[in-house]
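Take a look at the structure set out below.
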Amino acid sequence: MTRLFAWGALIFGCLFFLLPLVGMTEFSLKMRRGVYSFDAYVRVFEDPTFWATFSYSLTLAAATIVFGVFLVVPTAYWVRLKLPQARPVIEFITLLPLVIPAIVIVFGYIRLYNTSSFLPLTGSAIGTDILLTMGYATLALPYMYRAVDTGLRTIDVATLTEAAQSLGAGWFTILARIILPNVLVAVLSGAFLTLAIVIGEFTMAALLNRPAFGPFMQLLGANRAYEPPALAVIAFAITWACMGLIQLVTRFSKHERAKA
Amino acid sequence: MAFLDLTNLEKTFGANRVVKDFSLEIAKGEFVSLLGPSGCGKTTVLRMVAGFETPTSGAITIDGQDVTGQRANQRAIGMMFQAYALFPNMTVADNVAFGLKVKGVARPEREARVAEMLDLIGLRELGARFPFQLSGGQQQRVALARALAPSPRVLLLDEPLSALDAKVRVSLRNEIREIQRELGITTIFVTHDQEEAMSISDRIVVMNGGIAEQAGAPFEIYNKPRTRFVANFVGTLNTLPATVEAPEAGQVAVAGQSFTLGRGALTARRGDTVTLALRPEAIRLGRAEGREVVLPATINEVHFLGSVIRVRARVGDGVVALDTFNRPDQPPPPIGSAAEISFAARDVIFLQD
Ligand SMILES: Nc1ncnc2c1ncn2[C@@H]1O[C@H](COP(=O)(O)OP(=O)(O)OP(=O)(O)O)[C@@H](O)[C@H]1O
Ligand SMILES: [Mg+2]
């Protein structure tokens, strides 16, 4: 009886999530009257704006990941090593971006860094890109920090650090040669989550007026019928590919360790 | 001046004085053990030598050079931890090579040294393995090779054997000692296992509550413990209450038998009760030549340990443990039976309280 109920719940859950996706996918294939076709997808891929915005967002995602890794790995390491009592505070801070809406952050940025401020970042394209990267890093912080912190939990940070120190290593060597390689899988899963966030982000990019993928999706959605669902399916595919890559990397690294 | 000199080391954590006025001189090539109960400050002393803790006061010099203010990674000290602490992302060979790489040793030289170290610990074929593919004993040997590879001035070992099972523990401690002798490296070994400390050390420092109670060769520590704590902590100790009969002559009585201790006058007065201490192996079951003190006893417990039989017998108001060797033609005495024990007055240990 309970088994039956569990199966029922599972099937209901699957239907709840899958039906809209199926419906959307089905609709996106109906651009040509009467037959299923990939016309909508071809249109999307033929649009140069798609490629421009997509590669722009990809570049910014890469920058965000690099910045995030350099910010989070040493911080999480230092907190674990020297300030374990500060961990709840740090964790709270890294959770703030989930509570504070992106729109609040971006208005804060615009107020602080506008053209008449002491640091007029919004005055130039590159300055705005930097600002946007920082914003993305903030949005990704909860995921990145948690991933890295979980990775650090699997190794004995204090003892490994002392072992390395007694062998003559300084902080940079310890971070680069011992800590980072040991949390690499965690860093990669954080990186893919960051990528998924940045690709779909709308608010910050739109308000800072940068040609990112999120605003492009919105623009397309407001003006066309069949392309937006096609784009949505593409966006889903990208996100799922990221998730799959996380799985793959985790699997692969275990495999690597086991077979070596 | 000694090679490694710890002078009046003190360490406080908040209001907690963990190490108190700890001084120790260690000669080059010497193997010294810090022995003591849990929490007595052994690890703290070791970590101050390694540079992981800063002494509250006091000084540490190595080879005449004051290293008290130096950071851990500048001290050229090798360290082995209880928890192996091998780098999980590196192979055995890379682990051993790490210190050499940090030092900037060129590749051919480095590889030669790694091979030499792996030979030393007998794990030449395992260079390409990862730490998780090794047994605990093998991991700890790799940790030793890693610590020794950059030719440190001092080797520190913090209970490196306590995570291993009994057999491996004994063979590895002998191996460590052999390698230490071969390389002539000055070594401090921390343990709370007295047998371990006695079997491999040149010298033992018995610690209690952050203080060095006594330092000396294992033979000296065991046979001439200076304090009650040392006597109790190192080996088993029997105490027998005795009544002083003639303090000038050193004559006392236990269970109605009087005898002379042969140490000259006692400081106690006639009629006082003093405590005599005896090692189990100093007491015989039955009479024996050269053991002039004979006391009546009742057998309380018999533990058959194989080659040795440990007997606990009631003597007067106290209980003593004594060891006899197993003899196939002589079964151990039955529990509850009456017997005699004997010992030599010169084997009695006097303790300062
Ligand atoms: N970082 C620290 N902060 C506060 N107290 C500490 C710290 N390190 C050690 N102590 C305290 O110092 C005392 C001695 O610790 P230490 O680790 O030196 O003991 P130990 O002799 O090595 O014991 P064990 O045999 O259990 O390893 C303990 O009471 C411990 O609680
Ligand atoms: Mg300890």
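In the text below, chain A, chain B and the rest are named by the order of the sequence lines, each starting its count at 1. This structure is a prediction, so every number in the text was calculated from the model and none was measured.
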remark   = The reported gap from OH in B:Tyr84 to OG1 in A:Thr159 (rounded to nearest 0.5 angstrom) is 13.0 Å
task = Can you measure from NZ (B:Lys103) to CG (A:Leu167) and round to the nearest 0.5 angstrom?
result = 10.5 Å
request  = Among B:Arg146, B:Gln74, B:Arg75, single out the residue with the greatest number of heavy-atom pairs under 4.5 Å to chain A.
outcome  = B:Arg146
Is there a side-chain contact between [X] and [Y] (heavy atoms, below 4.5 Å)?
| X | Y | answer |
| --- | --- | --- |
| A:Arg177 | B:Met90 | yes |
| A:Pro181 | B:Phe87 | no |
| A:Thr173 | B:Phe98 | yes |
| A:Leu160 | B:Pro88 | yes |
| A:Asn182 | B:Asn89 | yes |

request  = Of all the heavy-atom pairs spanning A:Gln165 and B:Phe52, show the shortest one and how long it is.
outcome  = OE1-CE2, 3.5 Å
With only heavy atoms counted, which part of [X] is less than 4.5 Å from chain A, the side chain, the backbone, both or neither?
| X | value |
| --- | --- |
| B:Arg47 | side chain |
| B:Leu156 | neither |
| B:Ala85 | both |
| B:Met80 | neither |
| B:Ala147 | backbone |

Exceeds 12 heavy-atom contacts within 6.0 angstrom, atom [atom1] of [X]:
| X | atom1 | answer |
| --- | --- | --- |
| B:Phe13 | CZ | yes |
| A:Phe236 | CZ | no |
| A:Ile126 | CD1 | no |

query = Measuring heavy-atom distances to chain B, does A:Leu184 have an atom under 4.5 Å in its side chain, in its backbone, in both, or in neither?
reply = neither
key: Donor-acceptor pair, side chain of B:Asn73 and main chain of A:Trp171, under 3.5 angstrom   = no
